[in-house]
Amino acid sequence: MNIKHLFFCMLLIAFSSCSKPGYEKAIAEWVQTDSHGTWTDLKFELLEVLETEDVTVSDSLCYLNNKSAQLSAVIQKAEKSPCLIQTVLFRLYGSRKKCLKATDAMKAMYLHRDSTEVIGKILKCRYAIVQPHSGVQQKKTASFLLSPDMEKCIGKLKPTSK
């Protein structure tokens, strides 16, 4: 009887040590859930982690400062345009002022934090999915923004154009 219990415990330990890392589950859930929150079983498989990168408070402030500069330039251009063009541009870019205010509010959140504090991680990986109707496997490479503990996927990053 003791040998059976020991064997069962050994099996339990062996299977629990083979679990997937938290980031794999987080990315799988993100990839298999559409923008409406509908989950589709795509038979997700993480093939390879290519690189990981820390996102710090300093990185975020740099990004927000660049975004503020871009938004300010667009707003100034709209305000200097002739009346008719200004009206059209304001309709197109009127929400940019709200966006600028939101960006400034986000910058204020970082003012009293350590600039080296890690607030996220970027994980670049290769993965495979199988479309449910066609059964065809697709291999993709993408970068995902994860929480600092890599247990939650915040989003998929758009590829940067070169």
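Quick caveat, the model's predicted, so the values are computed rather than measured. Numbering starts at 1 and runs along the sequence shown.
Taking each heavy atom of Gln32 and Leu42 in turn, the nearest pair found is OE1-N, 2.8 Å. Across all their heavy atoms, Ile122 and Ser143 have their closest contact at CG2-CB, 4.1 Å. Of all the heavy atoms in Thr103 and Leu64, the pair that sits closest is CG2-O, 3.6 Å. Considering every non-hydrogen atom in both Tyr127 and Lys156, the closest pair reads OH-NZ, 3.7 Å. The two residues Cys153 and Phe144 come nearest to each other via the heavy atoms SG-CD2, 3.9 Å. Considering every non-hydrogen atom in both Leu146 and Leu123, the closest pair reads CD1-CB, 3.8 Å.
The number of heavy-atom neighbours closer than 6.0 Å to CE of Met106, taken from other residues, nucleotides and ligands shown, is 12 or below. Taking a 6.0 Å sphere around NZ of Lys107, one finds it holds more than 12 heavy atoms contributed by other residues, nucleotides or ligands.
For the pair Glu117 and Thr56, the minimum side-chain heavy-atom distance is 4.5 Å or more. Contact check for Thr52 versus Tyr23: no side-chain heavy atoms found under the 4.5 Å cut-off. Residues Val55 and Lys121 fail the side-chain proximity criterion, which asks for heavy atoms closer than 4.5 Å. Using a 4.5 Å heavy-atom cutoff, the side chains of Ile129 and Val31 are in contact. For the pair Ile27 and Phe44, the minimum side-chain heavy-atom distance is below 4.5 Å. Annotation: side chain of Arg126 is not in contact with side chain of Lys140 (no heavy-atom distance under 4.5 Å). Side-chain contact between Leu61 and Tyr63 is absent, with no heavy-atom pair separated by less than 4.5 Å. Using a 4.5 Å cut-off on side-chain heavy atoms (C-beta onward), Thr33 and Thr38 make no contact.
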task = Run the numbers on Lys43 and Gln137 for side chain to side chain contact (heavy atoms under 4.5 Å, CB included), then give the verdict.
result = CA-CA 9 Å; Lys43 295 178 180 44; Gln137 183 184 51; over 6 Å; no
request  = May I have the step-by-step check of side chain to side chain contact (heavy atoms under 4.5 Å, CB included) for Trp39 and Asp34, ending in yes or no?
outcome  = CA-CA 7 Å; Trp39 188 82; Asp34 69 8; over 6 Å; no
query = When you look at Lys124 and Thr141, which way does the side chain to side chain contact (heavy atoms under 4.5 Å, CB included) test go after all the steps?
reply = CA-CA 7 Å; Lys124 184 176 183 181; Thr141 301; 3.9 Å; yes
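One hydrophobic cluster, built from ILVMFWY side chains closer than 4.5 Å, cannot hold both Leu50 and Leu47; they sit in different ones. Leu145 and Tyr110 fall within the same hydrophobic cluster, where Ile, Leu, Val, Met, Phe, Trp and Tyr residues are linked whenever their side-chain heavy atoms come under 4.5 Å apart, directly or through other members. Taking hydrophobic clusters as Ile, Leu, Val, Met, Phe, Trp and Tyr residues chained together by side-chain heavy-atom distances below 4.5 Å, Ile154 shares a cluster with Val57.
Interatomic distance, Ser60 OG to Lys67 NZ, rounded to the nearest 0.5 Å: 13.5 Å. Note that the CE atom of Met150 and the NZ atom of Lys25 stand 15.0 Å from one another [nearest 0.5 Å].
With hydrogens and angles ignored, the 3.5 Å screen pairs a side-chain donor or acceptor of Ser147 with a backbone N or O of Lys152.
Between the side chains of Ser68 and Asn65, no donor N or O sits under 3.5 Å from an acceptor N or O.
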